[in-house]
> 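Below you'll find the structure I mean.
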Amino acid sequence: MKKQHVIVVGGGLIGLCSAYALIRDGHRVTLVERDHLGAGAAVGNAGELTPQQVAPLASANTVKDIIRGVFTRSSYLSISALELPRLAGFGIGFLRAAGRANAARGAAALAQFSGGILPSLQRMAADGIDISGGGEGYLMTGSDEAALLASHAGYVRRAELGWGEAPGPILRDAELHEQEPTLDPGVSGGYLLPGEFSLDPVTFVASLIAHLEGAGPDAFTARTGLAAIRVGDGASVICADGSGSETAVAGDRLLIAAGAWTTPILRRSGIRSARVVPGKGYSYTVPVERMPRTLIHANDLHCVAIPMHGRLRIVGMMEFDGRPERLNPARIDVLTRGASRLLIGADWESRTDEWVGARPMTADGMPLLGAIPGRPEVLVAAGHNMHGLSLGPITGEAVADLVAGRPTEIAGSTIDLHPFAVRR
Ligand SMILES: Cc1cc2nc3c(=O)[nH]c(=O)nc-3n(C[C@H](O)[C@H](O)[C@H](O)COP(=O)(O)OP(=O)(O)OC[C@H]3O[C@@H](n4cnc5c(N)ncnc54)[C@H](O)[C@@H]3O)c2cc1C
């Protein structure tokens, strides 16, 4: 295979994982990042790699959440009324994706990656990338009996389809609190979900950047503080620096991996694509008297508590306000109200590291992964929704496969990339 010079736009999870896989294949990478490497949603997230949960967000249940999200400020989902006109097309696509047949198709398309998620991460670990900070152990909780049974049944069904391991039995009351003593007494049900993994994304991203930089300038160059504006001729991108002056950065191939900021770059270039919309989430660190034994995902409270290198990170919320960088303190309050009903022994007033990040959301929950129609030299890998860490390592490998012109195979099966077409 001819070694190529690949320009990667965006130094978040997908851009970094792609750069890694491309360099491993022997290519040269120039990464263009408007901020610093590991910006965007790369490091403040929940650190979960969840082969069993990689599925589109849209379902019949989320439709009623949308109505609450527009009209109340106490829900995990918040949609700014001012944003509604701009979100109309996205909303219609989301409602369409929530239909039973479309949701099933989306789940099947994403499940193609499930078996490759942890092996791909392990390959990075074998190469020296630090995946520490979390580990195995995943407790799903819920106090609404019907919702708990439905979510448990959903994982049983996935296991029957060969998309993961069956969940443990449902634990109730004393049995549950024996399993996890830090749970609030009001939490009445839960089950363990084997086969999921978590890591500290701060360590992971720092280690990945160090690895790329260690490859040397012949393999990897990063140009930070430089923002891609639009795609140029061939495999080039037109960028602006802080002073507003424009530069073209050109190679043999171009990869747009700018997360929640991808759509404006494509639109300015006259490229039609499925839209990527910022859906903001929040996290912070809270001191606790006792660390939970495992990661706890509260299905009904819409928050996750993740032990990470001896700290406890609280993560949650989904906010559509069209301002991807703005931290809204009211959302942190809503997150804390939920989390304080999940755990005991936390000092909620002593939060640190408050963070906001924009998930790159698509209406159908599917990332954009492939070449732009009629422009085989320009690739897109963006729109990984809530799963950019889970899917990052395997997406990087898929990008390297696209550059090499070979199919991506997971456990002997070729991945069908049609559901991820850039224009759909
Ligand atoms: C609260 C929260 C919790 C999450 N938890 C998890 C989890 O547990 N597991 C999981 O799998 N996923 C999780 N995610 C989702 C995950 O973080 C995203 O899917 C992932 O970060 C997407 O990667 P990306 O590279 O596409 O975007 P990002 O990581 O956001 O990176 C995009 C990069 O592009 C850069 N950029 C933007 N515009 C330009 C431009 N014009 N020119 C050049 N560069 C540009 C940005 O500065 C940024 O560095 C979570 C997200 C949030 C917000």
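For ligands, and for the atoms within them, numbers begin at 1 and follow the listed sequence. What you are looking at is a predicted structure, and each value in this text was computed from that prediction instead of being measured.
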> Keeping to residues at least two apart or across chains, list the ring-ring contact (aromatic ring centres under 6.0 Å, His included) pairs with something in residues 249-286.
none

> Which atoms of ligand 1 sit under 4.0 Å from any heavy atom of H387?
10 (C), 11 (O), 12 (N)

> Work out whether the distance between some heavy atom of A227 and some atom of ligand 1 is less than 4.0 Å.
yes

> Strictly under 4.0 Å, does any heavy atom of N385 approach an atom of ligand 1?
yes

> Near G281, which atoms of ligand 1 are under 4.0 Å from a heavy atom of that residue?
1 (C), 53 (C)

> Please report whether ligand 1 has a polar contact with E48, defined as an N or O pair separated by less than 3.5 Å (distance criterion only).
yes

> With nothing but distance in play, are any N or O atoms of A382 less than 3.5 Å from an N or O of ligand 1?
no

> Quick check: D35 and ligand 1, any N/O pair under 3.5 Å apart?
no

> For V32, take its heavy atoms, then give the atoms of ligand 1 lying under 4.0 Å from any of them.
43 (C), 44 (N)

> May I ask you to say whether D364 pairs ionically with R424, meaning some side-chain N is under 4.0 Å from a carboxylate O?
yes

> Return yes or no for this condition: an N or O of L391 is under 3.5 Å from an N or O of ligand 1.
no

> Check this for me - ligand 1, L389, N or O atoms closer than 3.5 angstrom, yes or no?
yes

> Which one holds for P360 and ligand 1: side chain close, backbone close, both close, or neither close, with close meaning a heavy atom under 4.0 Å?
side chain

> Identify the residue among T203, V205, D200, L13 that makes a side-chain contact (heavy atoms from CB on, under 4.5 Å) with V43.
V205

> Taking NZ, NE, NH1 and NH2 as the nitrogens, is one of them in R323 or E83 under 4.0 Å from a carboxylate oxygen of the other?
no

> Do any nitrogen or oxygen atoms of M386 lie less than 3.5 angstrom from nitrogen or oxygen atoms of ligand 1?
yes

> If every non-hydrogen atom of A235 is compared with every non-hydrogen atom of I7, which pair is closest and at what distance?
O-CG1, 4.1 Å

> Counting from 1, what ligand 1 atoms have a heavy atom of Y282 closer than 4.0 Å?
1 (C)

> Evaluating non-hydrogen atoms only, which member of E325, E33, H36 is closest to atom 47 (O) of ligand 1?
E33

> Within ligand 1, which atoms have a heavy atom of V315 less than 4.0 Å away?
1 (C), 3 (C)

> Could an N or O of ligand 1 be found under 3.5 Å from any N or O of A260, whether backbone or side chain?
no

> Could you note down all residue pairs passing ring-ring contact (aromatic ring centres under 6.0 Å, His included) where residues 102-126 supplies at least one of them, sequence neighbours left out?
F113-F420

> May I ask which of R313, E319, Q53, R359 has a heavy atom nearer to atom 52 (C) of ligand 1 than the others do?
R359

> Using a 4.0 Å cutoff against the non-hydrogen atoms of W261, which atoms of ligand 1 qualify?
30 (O), 37 (C), 38 (N)

> For ligand 1, is any non-hydrogen atom under 4.0 Å from I14's backbone (N, CA, C, O), its side chain (CB onward), both, or neither?
both

> Any nitrogen or oxygen of L13, main chain or side chain, under 3.5 Å from a nitrogen or oxygen of ligand 1?
yes

> Look at atom 32 (C) of ligand 1 and find which of A258, A42, G10, P278 reaches it with the closest heavy atom.
A258

> Consider only side-chain N and O atoms of S80 and D321, and report whether a donor and an acceptor are under 3.5 Å apart.
no

> Examine the side chains of T50 and E196 and answer whether a donor and an acceptor come within less than 3.5 Å of each other.
no

> Any salt bridge between K280 and E325, counting N to O under 4.0 Å?
no

> Which one of G357, C17, A228 has a non-hydrogen atom at the shortest distance from atom 42 (N) of ligand 1?
A228

> List every atom of ligand 1 that sits less than 4.0 Å from any heavy atom of A39, numbering the atoms from 1 in the order shown and giving each element.
47 (O), 48 (C), 49 (O)

> Show the atoms of ligand 1 that are less than 4.0 angstrom away from any heavy atom in V9.
42 (N), 43 (C)

> Nearest 0.5 angstrom please: L183 CG to I296 CD1, how far?
4.5 Å

> With nothing but distance in play, are any N or O atoms of R34 less than 3.5 Å from an N or O of ligand 1?
yes

> Report yes if some N/O of G388 lies less than 3.5 Å from some N/O of ligand 1; otherwise report no.
yes

